[in-house]
Peer 1: 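I have a structure here, written as structure tokens, and I will follow up with some questions on it.
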Protein chains: 2
Amino acid sequence: MQKQPTIRDVAQAAGVSVAVVSRVLNPGSGPVAAATRTRVNEVMQSLGYHPRTAARELKFGPPTTLGLLLADVSNPFFARLADRVVQEAHARGIQVLLMTTQEDDHLEAERLATLIERRVSGIIATPTGNNQEIWKKLQALGTDVVFVDRSIPTLPEVDVVSIDNFESGRSATALLAAHGHRRIGIISGPATSTTGRDRIAGYREALEAAGLEQDELLIRSAAFRGAAGGDAASALLNLEDPPTALVVANTAQVTEVLKRLSHAGIAIPGAMSVIVFEDSPWTELMTPPLTIVRQPIDLLARHSVQLALANTSGRAPGNATVIRVSAELVERSSVARLQLAK
Amino acid sequence: MQKQPTIRDVAQAAGVSVAVVSRVLNPGSGPVAAATRTRVNEVMQSLGYHPRTAARELKFGPPTTLGLLLADVSNPFFARLADRVVQEAHARGIQVLLMTTQEDDHLEAERLATLIERRVSGIIATPTGNNQEIWKKLQALGTDVVFVDRSIPTLPEVDVVSIDNFESGRSATALLAAHGHRRIGIISGPATSTTGRDRIAGYREALEAAGLEQDELLIRSAAFRGAAGGDAASALLNLEDPPTALVVANTAQVTEVLKRLSHAGIAIPGAMSVIVFEDSPWTELMTPPLTIVRQPIDLLARHSVQLALANTSGRAPGNATVIRVSAELVERSSVARLQLAK
DNA sequence: CATAAAAGTGTAACCGGTTCCACTTCGTTT
DNA sequence: AAACGAAGTGGAACCGGTTACACTTTTATG
């Protein structure tokens, strides 16, 4: 364990002042004779010198770190989002501090406190919905906050990047209706989440457009974590007049729901047509291949990072940017065409 | 955008010196009168003061940040690993800087450079296999380096946490042999990776124990990224005397291989028995449910974090810890019992 | 009640960088 | 040849915390 050389060690070894070394370190910050520059560089090389980020950050709040606060990285959707965000950030020389909330607003508050102390320049988050004061404070402090995938309606001044949830719910439902389904169930995220609410709103719109009756019993909200999705599926199956088609709009619960259907011996699409919000390669390998709603994760990531780093340009407050990208409905074989008993 | 209060602002507002405020901030660092403490706390509250991590880190190399350098977070195995590592770290008050290499050693070198500059206390990584000098340097600098999942044999002084790859390869192969399979193929990671090599060694051992002939044509290495796994599968299928069973030991390529089998119209387990190294919930939903090798990701994460934070205890150099946890073979229905044509 | 020990507080240096500004040393311009 | 400007360099203050040490005030002890 060797002691780390500092800028003064380098300066001394090269026979110059620390100011010169610093200028070599930050090209453009001042003139340095070519000969001096190479000499200093050689010394740094031979000493194995690496400038310390912490010291550098002390001077100015540095746009060099970004907080990524997700619900849960074991969910493949968030995992791929994290992957893309990290790549986008690295491409800009930015580092990513990864945190998870487990959908727990208390944990979220703790994480946000650390992010404040670290003075990160931006935060990309899937908010739980609470801790509104903290989010406001973060913004007041000059942190660029971007909500991705979800948002908090009572915080309209925060940037949002998400898919068009309303349209996704609508189009998935419309497809089922067009295939002759009259009783269509939907399992979505908690009613407190914008994601869940918007998708259900789209669902309602599609039913209305198709002239179908809305039955509140067919609309289920399931928490993001745990086995809630499975229970919701069971409840739908046990209905007196069960649905013939199902939109699984809670990404986190897709496998739970499918597991329950499978255990109940419900054949897809024979006994139940299914459309899931999920883009795992596995959906294509299922028997039958599942019809899915594919979220353009790359776009979500790119826009999020972009907004989270827009701080320097000093946007006027109150001008929140809302970016909605459209999801893609990929038709495969899990939706049956129903013979209309006329 | 308000200017952030500093410790001196707090001191002034509370009518005390900065030393006192600092002692309030770090309980145990010195005596503070109870009355003073509450007053200072109130002032901090009302001013919205948050101590700045960067300044604090300047004094000592702080065990408050950990680097997690993975190949790729879109791979569910790594994603779940990241999830667990983050949780374990948070439980200890440690933050995680997430980085990806895309299996590219040049990118890896860049990431490592930033980790050095940040003076992280520990690094958990899936190394590409190159950049050996940098890894050594990191260790010499006092950073706790832990390789997870894979290792670099020529760097024996680095801690390693992984599953027992040899035994996993052996038991999966043995299961197939016990079911009467005589021609068993294996698709594993690149021969340069310890993971791939060890699993194949276990495979050979099992064949030998079962008295089966080893055919080099049945052993395929596939790169972690891209469609290499699919190509390897096709190659096996096109063999003059193709295998009746397949061990897919390259986690990253599992879906690629299955996709190829499916497109080729190969029924599982009718025309091909399969065991995959993968523990996604989807494996259970497949038709038929897949027999899998399950890696205890929680354990991998816990041990990794533990080792990566062991620095203070100052281990003697040369005493690398190697932790091997055992993977679980979960039998489901993708392995057929073969009638032995005697 | 004198005095030693303990409690509480403040001053100033330090961590490792960046940067303002003053100072030399040249090469150019009238 | 004098005057000027640009290039190159160094000294020292600063960023926002922590902490060693000196100092004052209490409290405890004989």
Side-chain angles (χ1 to χ4, degrees), chain A residues 2-41 43-44 47-65 114 116-121 141-142, chain B residues 2-41 43-44 47-65 114 116-121 141-142:
Chain A
Q2 64 205 53
K3 65 233 160 280
Q4 311 263 43
T6 74
I7 196 173
R8 294 174 220 271
D9 297 328
V10 174
Q12 184 170 13
V16 296
S17 72
V18 293
V20 174
V21 179
S22 178
R23 277 181 218 121
V24 173
L25 243 29
N26 310 52
S29 64
V32 180
T36 312
R37 160 168 285 117
T38 56
R39 183 155 40 92
V40 170
N41 275 321
V43 170
M44 295 198 299
L47 254 52
Y49 169 76
H50 290 271
R52 195 160 148 181
T53 309
R56 183 173 290 180
E57 291 198 349
L58 200 47
K59 202 80 185 200
F60 5 71
T64 176
T65 309
T114 3
I116 290 181
E117 293 182 358
R118 299 240 170 186
R119 304 287 194 274
V120 295
S121 54
L141 255 34
Chain B
Q2 64 203 51
K3 64 234 157 281
Q4 311 264 42
T6 74
I7 197 174
R8 298 177 216 268
D9 297 327
V10 174
Q12 184 170 10
V16 295
S17 73
V18 292
V20 175
V21 178
S22 177
R23 284 195 278 267
V24 172
L25 243 31
N26 309 51
S29 64
V32 180
T36 313
R37 162 168 284 115
T38 55
R39 184 155 40 90
V40 170
N41 274 321
V43 170
M44 292 198 301
L47 254 52
Y49 170 75
H50 289 271
R52 192 158 150 182
T53 308
R56 182 174 291 180
E57 291 198 350
L58 199 47
K59 200 79 187 202
F60 3 73
T64 175
T65 308
T114 29
I116 291 181
E117 293 181 0
R118 298 240 171 186
R119 302 291 194 272
V120 295
S121 55
L141 254 33

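Below, all heavy atoms of this structure are taken into account, side chains as well, without hydrogens, waters or symmetry copies. Order of the sequence lines sets the chain letters (A, B, ...), proteins ahead of strands, with each chain counted from 1.
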Peer 1: Applying side-chain contact (heavy atoms from CB on, under 4.5 Å), name anything that partners B/Val18, two or more places apart in sequence or on another chain.
Peer 2: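 By the side-chain contact (heavy atoms from CB on, under 4.5 Å) rule, B/Val18 matches B/Ile7, B/Arg8, B/Ala11.
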Peer 1: Can you name the closest pair of heavy atoms from B/Pro5 and B/Gly48 and give their distance?
Peer 2: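 Minimum heavy-atom contact is CG-O, 4.0 Å.
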Peer 1: N/O contacts under 3.5 Å, protein versus nucleotides 17-24 of chain C?
Peer 2:
residue	atom	partner	partner atom	Å
C/dG17	OP1	A/Tyr49	OH	3.3
C/dG17	OP2	A/Ile7	N	2.7
C/dG17	OP2	A/Tyr49	OH	3.2
C/dG17	O5'	A/Tyr49	OH	2.9
C/dG17	O5'	A/Arg52	N	3.4
C/dG17	N7	A/Arg8	NH2	2.8
C/dG17	O6	A/Arg8	NH2	3.1
C/dT18	OP1	A/Asn26	OD1	3.1
C/dT18	OP1	A/Asn26	ND2	3.2
C/dT18	OP1	A/Arg56	NE	2.9
C/dT18	OP1	A/Arg56	NH2	3.2
C/dT18	OP2	A/Ser22	OG	2.8
C/dT18	O2	A/Lys59	NZ	3.1

Peer 1: Check A/Ala13 against A/Leu47 and note the closest heavy-atom contact, atom names and distance.
Peer 2: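 Between these two residues, the closest heavy atoms are CB-CD2, 4.3 Å.
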Peer 1: What's the shortest heavy-atom distance between B/Tyr49 and B/Val10, and which atoms?
Peer 2: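 Nearest heavy atoms, B/Tyr49 then B/Val10: CG-CG2, 3.6 Å.
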Peer 1: Find the distance between CG (A/Leu58) and OG1 (A/Thr53) and round it off to the nearest 0.5 Å.
Peer 2: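 Spacing of CG (A/Leu58) from OG1 (A/Thr53) equals 12.5 Å.
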Peer 1: Check the surroundings of atom CD in A/Glu117: do more than 12 heavy atoms from other residues, nucleotides or ligands lie under 6.0 Å from it?
Peer 2: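 Yes, the 6.0 Å shell around CD holds more than 12 heavy atoms from other groups.
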Peer 1: Within the structure provided, determine whether A/Val16 and A/Arg39 are in side-chain contact (heavy-atom separation under 4.5 Å).
Peer 2: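 Yes, at least one pair of side-chain atoms sits under 4.5 Å.
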Peer 1: Hey, can you pull the residues of residues 31-38 of chain B with a non-hydrogen atom under 4.0 angstrom from DNA chain D?
Peer 2: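 Heavy-atom contacts with DNA chain D come from no residue of residues 31-38 of chain B; none.
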Peer 1: Using a 4.0 Å cut-off to any heavy atom of chain B, which nucleotides of DNA chain D are the first and last in contact, reading 5' to 3'?
Peer 2: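 So the outermost contacting nucleotides come out as D/dG16 to D/dT19.
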Peer 1: Minimum heavy-atom separation for A/Ser121 to A/Thr64, with atom names?
Peer 2: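 Looking at all heavy atoms of both residues, the closest pair is OG-N, 4.3 Å.
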Peer 1: Does any non-hydrogen side-chain atom of A/Arg118 lie less than 4.5 Å from one of B/Glu57?
Peer 2: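 In short, these two side chains touch, coming nearer than 4.5 Å.
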Peer 1: Under 3.5 Å, is there a donor-acceptor pair between the side chain of B/Arg52 and the main chain of A/Arg119?
Peer 2: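 It does not hold such a pair.
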Peer 1: Under 3.5 Å, sequence neighbours excluded: what are the donor-acceptor pairs made by side chains of residues 19-27 of chain A?
Peer 2:
none

Peer 1: So what is the end-to-end bend of the helix from C/dC1-D/dG30 to C/dT30-D/dA1, with 5 pairs used at each end and the value given to 10 degrees?
Peer 2: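 The end-segment axes of the helix from C/dC1-D/dG30 to C/dT30-D/dA1 are tilted 40° relative to each other.
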Peer 1: Can you tell me how far the CG atom of B/Asp9 sits from the CE atom of B/Met44, to the nearest 0.5 Å?
Peer 2: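 Between atom CG of B/Asp9 and atom CE of B/Met44 there are 13.0 Å.
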